[in-house]
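Atoms within a ligand are numbered from 1 in the order they appear, just like the ligands themselves.
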Amino acid sequence: MLYPTPIAKLIESFSKLPGIGIKTATRLAFYTIGMSDEDVNEFAKNLLSAKRELTYCSVCGNLTDDDPCNICTDATRDLSTILVVEESKDVSAMEKIQEYHGLYHVLHGLISPMNGVSPDDINLKTLITRLMDTEVKEVIIATNATADGEATSMYISRVLKPAGIKVTRLARGLAVGSDIEYADEVTLLRAIENRTEL
Ligand SMILES: [Zn+2]
């Protein structure tokens, strides 16, 4: 079916989002057109400002509107621990349980020999730089329990251990292949408490 160009373009934009097929994109496009001018303006404004105002923290790699981010600059945080995660979403999941008070490092990916992703392709060099001139004593690896998560964890542990830094991994309360982002709070809490040294 042929739609007027503006709506066809809107459908195309929605269909670029993950998990949105053409049917859902069409439904969302028509829904958007039915919204009030005020709501549509707000929606467009939020999209643009999220894109313009957010950046990645130059220290930890977390998504932030302030660089360094408010976790890196928080004087009450425990500077001796860095928890390493794959994505910014994992930082939010961890912060929600309010039990971890150290710092973070966001890798923006995982080492994946199968997919040709090497250590240089992720945000790993800055982690090693951070460890040189800080009082970090423990690095907790909290990558997901997948093959790539394991490969990344093994690599980091191999690089950091000779430097005398304690490297631990979240306990296997998390099921194999499971996503930290979706783990419930009790599971996540237990995984931190029962972390094992690598
Ligand atoms: Zn930061």
request  = Check step by step if side chain to side chain contact (heavy atoms under 4.5 Å, CB included) holds for Val85 and Thr143.
outcome  = CA-CA 5 Å; Val85 294; Thr143 49; over 6 Å; no
*Can Ser80 and Glu138 be said to form a side-chain hydrogen bond (donor to acceptor under 3.5 Å, both in side chains), step by step?*
CA-CA 6 Å; Ser80 71; Glu138 181 180 356; over 6 Å; no
Without placing hydrogens or testing angles, list every side-chain donor-acceptor pair under 3.5 Å for residues 103-111, not counting sequence neighbours.
residue, atom, partner, partner atom, Å
Tyr104, OH, Glu95, OE2, 2.6
His105, ND1, Arg130, NH1, 3.0
His105, NE2, Asn123, O, 2.8
His105, NE2, Thr126, OG1, 3.4
His108, NE2, Gly61, O, 2.6

*For the Zn ion (ligand 1), every protein N/O/S atom that sits closer than 2.8 Å, waters excluded*: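 For the Zn ion (ligand 1), the protein N, O and S atoms that sit under 2.8 Å away are Cys57 SG, Cys60 SG, Cys69 SG, Cys72 SG.
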When you look at CE of Met154, are more than 12 heavy atoms from neighbouring residues, nucleotides or ligands closer to it than 6.0 Å?
->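 Counting neighbours around CE of Met154, 12 or fewer heavy atoms of other residues, nucleotides or ligands fall under 6.0 Å, so no.
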Applying side chain to side chain contact (heavy atoms under 4.5 Å, CB included) to Ile140 and Val84, what does each step give before you reach the verdict? CA-CA 6 Å; Ile140 305 171; Val84 179; over 6 Å; no
field: Donor on one side chain, acceptor on other, Asp67 and Thr55, under 3.5 Å
entry: no
